[in-house]
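Numbers here are sequence positions counted from 1.
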Amino acid sequence: MNPPVRRLEEWDTARLAELAATHGTPLYVQDLERVRENYARMAEAFPEGRVMYAAKANTAAAVLRTLVEVGAGIECASAGEVERALAAGAPPERVQYTAVNPPEGDLDYAVETADEHPELTITAGAADTIDRLAERGFSGRLCLRVNPGVGAGHHEKVSTGANAKFGVPIERAPDLLVEADERGFDVVGIHAHAGSGISGEDLAAHRELVSRMGELARRTDLDLEFVDVGGGFGVPYREGEEPLDLQAVARATREALGEVEATLAVEPGRYLVADAGVLLTRINTVKSAGEELVVGVDAGMTTLARPAIYGAHHAIRSLAEGEGRDTVEATVTGPICESGDVFGEYELPVPVRDDLLAVGNAGAYGYEMASQYNSRPRPATVVVEGERSAVDRRRETVADVRRLDGGAPWL
Ligand SMILES: *Cc1c(COP(=O)(O)O)cnc(C)c1O
């Protein structure tokens, strides 16, 4: 059985309470079994395609190892992610580095790594980046990121596909591909990523992107190995929301792509890890403010940034559910001195200090976006698989936060 979504209420309350008691809060819990299930569903939907996990969603070593083990490739957004992917045992032929305005150090690292592992693929999103790769003597596996120009007029959230920051304009792509080939690069693929949220509603935008990529692949005379149509497979952040119909997305993708010689590649990030993770946080403050009931917890925007950055909604469940308490409406807020540090309004069993709350869909872009703002140490990540559990990333201490301090010797 491999259900398309794991809801917050399906997590075992006693197990979560035990993990919080053992490891403290705030605590990220990531279930590797669920990561495997999500991958299996994706691989089944695209049996002829390549699944490249977008590592930036969650780089926990155990998550990377698990996905490498089941056969995923790793899509990397930086030199650091490439290093982590290789350290997790990813075969270089399954690693792709997608350079977005790459800093010098990232390109140096990528080219050095490609010298050692010529199977590595580097994706360039600007003619300028191709020049910089040539200057470094790189002539290996090159993929061209194109900007398919899909987004505006379709869906506000489909942001990167039409944002000039990402990729070369699709009209320029045929010439650039030929030029790169003539300059001696091993041109292996074309790539586009439309940004967040392929959902039932904006399948039209996805279709359009894929169809433009298919046309481009047919137009070029180069022998491309793959056509990569990116990630963005959505997950239901709201409890009542329907999960993505992956089979329908896969069907639409194949239809829109049309006949091409090259292999289809997809790059799911969120889809593989989001519902495999929860964030556990403990209530430390309960306060009535006029009509409003404010609940203070030990996780905030430095632990999970999505609500503050994107206005994102994450389901929250009190582990005190089932104790027969009445429920009330409460505003759940974090410990950061910043008015944006709010999870939102939730219906909770009457909150009491020390209650545990579980925040859903925290497995993607959770720990990865955590910061040390307010000199707050980042939380721990515990991975579970069946009966087993282990700390994958230990909790930071204030000493960790201060480790790089104090460089000015005259003060
Ligand atoms: C972020 C990213 C992804 C994954 O996006 P999700 O929404 O997590 O699926 C895939 N490809 C590229 C190039 C990305 O930058």
Side-chain angles (χ1 to χ4, degrees), residues 49-57 73-79 81-82 85 94-103 106-107 109-111 114 120-134 136 138-152 158-181 183 185-196 198 205-206 208-220 222 224-232 253 257 260 262-269:
R50 282 189 201 175
V51 178
M52 304 290 293
Y53 168 57
K56 74 178 193 285
I74 309 289
E75 153 69 27
C76 303
S78 69
E81 286 184 7
V82 174
R94 285 201 253 139
V95 178
Q96 176 168 310
Y97 163 53
T98 297
V100 178
N101 299 339
D106 280 45
L107 279 191
Y109 173 86
V111 170
L120 182 87
T121 302
I122 302 180
T123 300
D128 205 62
T129 305
I130 300 177
D131 291 342
R132 291 166 72 201
L133 286 167
R136 284 166 172 76
F138 175 77
S139 61
R141 293 169 56 83
L142 181 76
C143 169
L144 184 67
R145 180 168 187 172
V146 306
N147 186 323
V150 180
V158 184
S159 47
T160 63
N163 181 334
K165 170 174 170 177
F166 301 98
V168 301
I170 197 159
E171 314 78 58
R172 285 273 292 127
D175 288 348
L176 276 171
L177 286 166
V178 170
E179 269 170 45
D181 179 60
R183 288 168 84 174
F185 290 100
D186 179 12
V187 180
V188 291
I190 51 174
H191 170 282
H193 169 66
S196 62
I198 296 171
H206 174 68
E208 186 58 34
L209 175 144
V210 176
S211 126
R212 290 183 192 188
M213 294 300 282
E215 271 166 44
L216 175 59
R218 282 184 291 276
R219 224 177 114 181
T220 178
L222 301 183
L224 298 179
E225 183 185 302
F226 63 87
V227 178
D228 188 328
V229 299
T253 305
L257 186 65
V260 295
T263 303
L264 172 70
V266 291
E267 301 176 339

Any side-chain heavy atom of Thr121 sitting closer than 4.5 Å to one from Tyr97?
-> no
Say you draw a straight line from OH of Tyr53 to CD of Gln96; how long is it, rounded to the nearest 0.5 Å?
-> 15.0 Å
What distance do Asn101 atom CG and Asp106 atom CG have between them, rounded to the nearest 0.5 Å?
-> 11.0 Å
Measure the spacing between CG of Asp228 and OG1 of Thr123 and express it to the nearest 0.5 Å.
-> 7.0 Å
Is the closest basic N to carboxylate O distance between Glu225 and Arg141 below 4.0 Å?
-> yes
If every non-hydrogen atom of Phe185 is compared with every non-hydrogen atom of Phe138, which pair is closest and at what distance?
-> CE2-O, 3.2 Å
How would you list, by chain and number, every residue that makes a side chain to side chain donor-acceptor pair (under 3.5 Å) with Glu81, sequence neighbours excluded?
-> none
Kindly determine whether Arg219 and Glu215 satisfy salt bridge (charged side-chain N to carboxylate O under 4.0 Å, His left out), including the steps that lead there.
-> CA-CA 6 Å; Arg219 224 177 114 181; Glu215 271 166 44; over 6 Å; no
For Ile130 and Asp128, run side chain to side chain contact (heavy atoms under 4.5 Å, CB included): C-alpha distance rounded to whole Å, both residues' side-chain angles, the deciding distance at 0.1 Å, then the answer.
-> CA-CA 5 Å; Ile130 300 177; Asp128 205 62; over 6 Å; no
Run the side chain to side chain contact (heavy atoms under 4.5 Å, CB included) check on His206 and Thr253 step by step: do they pass?
-> CA-CA 8 Å; His206 174 68; Thr253 305; 2.9 Å; yes
Taking C-beta and beyond as the side chain, do Glu75 and Lys56 meet within less than 4.5 Å on heavy atoms?
-> no
State, yes or no, whether a side-chain contact exists between Ile74 and Met52 at a heavy-atom distance under 4.5 Å.
-> no
Between Val187 and Ala180, what is the shortest heavy-atom contact and its length?
-> CG2-CB, 3.9 Å
Would you indicate whether the side-chain heavy atoms of Thr129 and Pro102 approach each other to under 4.5 Å?
-> yes
Should Leu257 and Val227 count as side-chain neighbours, where that means a heavy-atom distance under 4.5 Å?
-> yes
Grab the two heavy atoms, one from Ala57 and one from Gly269, that are nearest each other, plus how far apart they are.
-> CB-C, 3.7 Å
So Val229 and Leu209, side chain to side chain contact (heavy atoms under 4.5 Å, CB included) or not? Walk me through it.
-> CA-CA 8 Å; Val229 299; Leu209 175 144; 4.2 Å; yes
Check: Leu107 and Leu133 side chains under 4.5 Å, non-hydrogen atoms = yes
On a heavy-atom basis, the closest approach of Thr263 and Gly49 is CG2-CA, 4.3 Å
Give, for atom CE of Met213 and atom CG of Leu264, the distance between the pair rounded to the nearest 0.5 Å.
-> 10.0 Å
Quick one: closest heavy-atom pair of Val150 and Ala205, and the distance?
-> CG1-O, 3.5 Å
Have a look at Pro174 and tell me which of Leu144, Thr220, Leu216 forms a side-chain contact (heavy atoms from CB on, under 4.5 Å) with it.
-> Leu216
Beyond-backbone contact of Phe226 with Ile190, side-chain heavy atoms, under 4.5 angstrom | no
Would Arg183 and Asp131 pass as an ion pair if we require N to O under 4.0 Å?
-> yes
Answer whether the closest heavy-atom distance between the side chains of Tyr109 and Val82 falls below 4.5 Å.
-> yes
Output the distance between atom CZ (Arg136) and atom CD1 (Ile122), rounded to the nearest 0.5 Å.
-> 10.0 Å
Could you give me the CA-CA distance, side-chain angles and deciding distance for Phe166 and Arg145, then say whether side chain to side chain contact (heavy atoms under 4.5 Å, CB included) is met?
-> CA-CA 8 Å; Phe166 301 98; Arg145 180 168 187 172; 3.7 Å; yes
Here the gap from Leu177 atom CG to Cys143 atom SG, rounded to the nearest 0.5 Å, amounts to 9.0 Å
Can any side-chain N or O of Asn147 pair as donor or acceptor with the backbone N or O of Val168 at less than 3.5 Å?
-> no
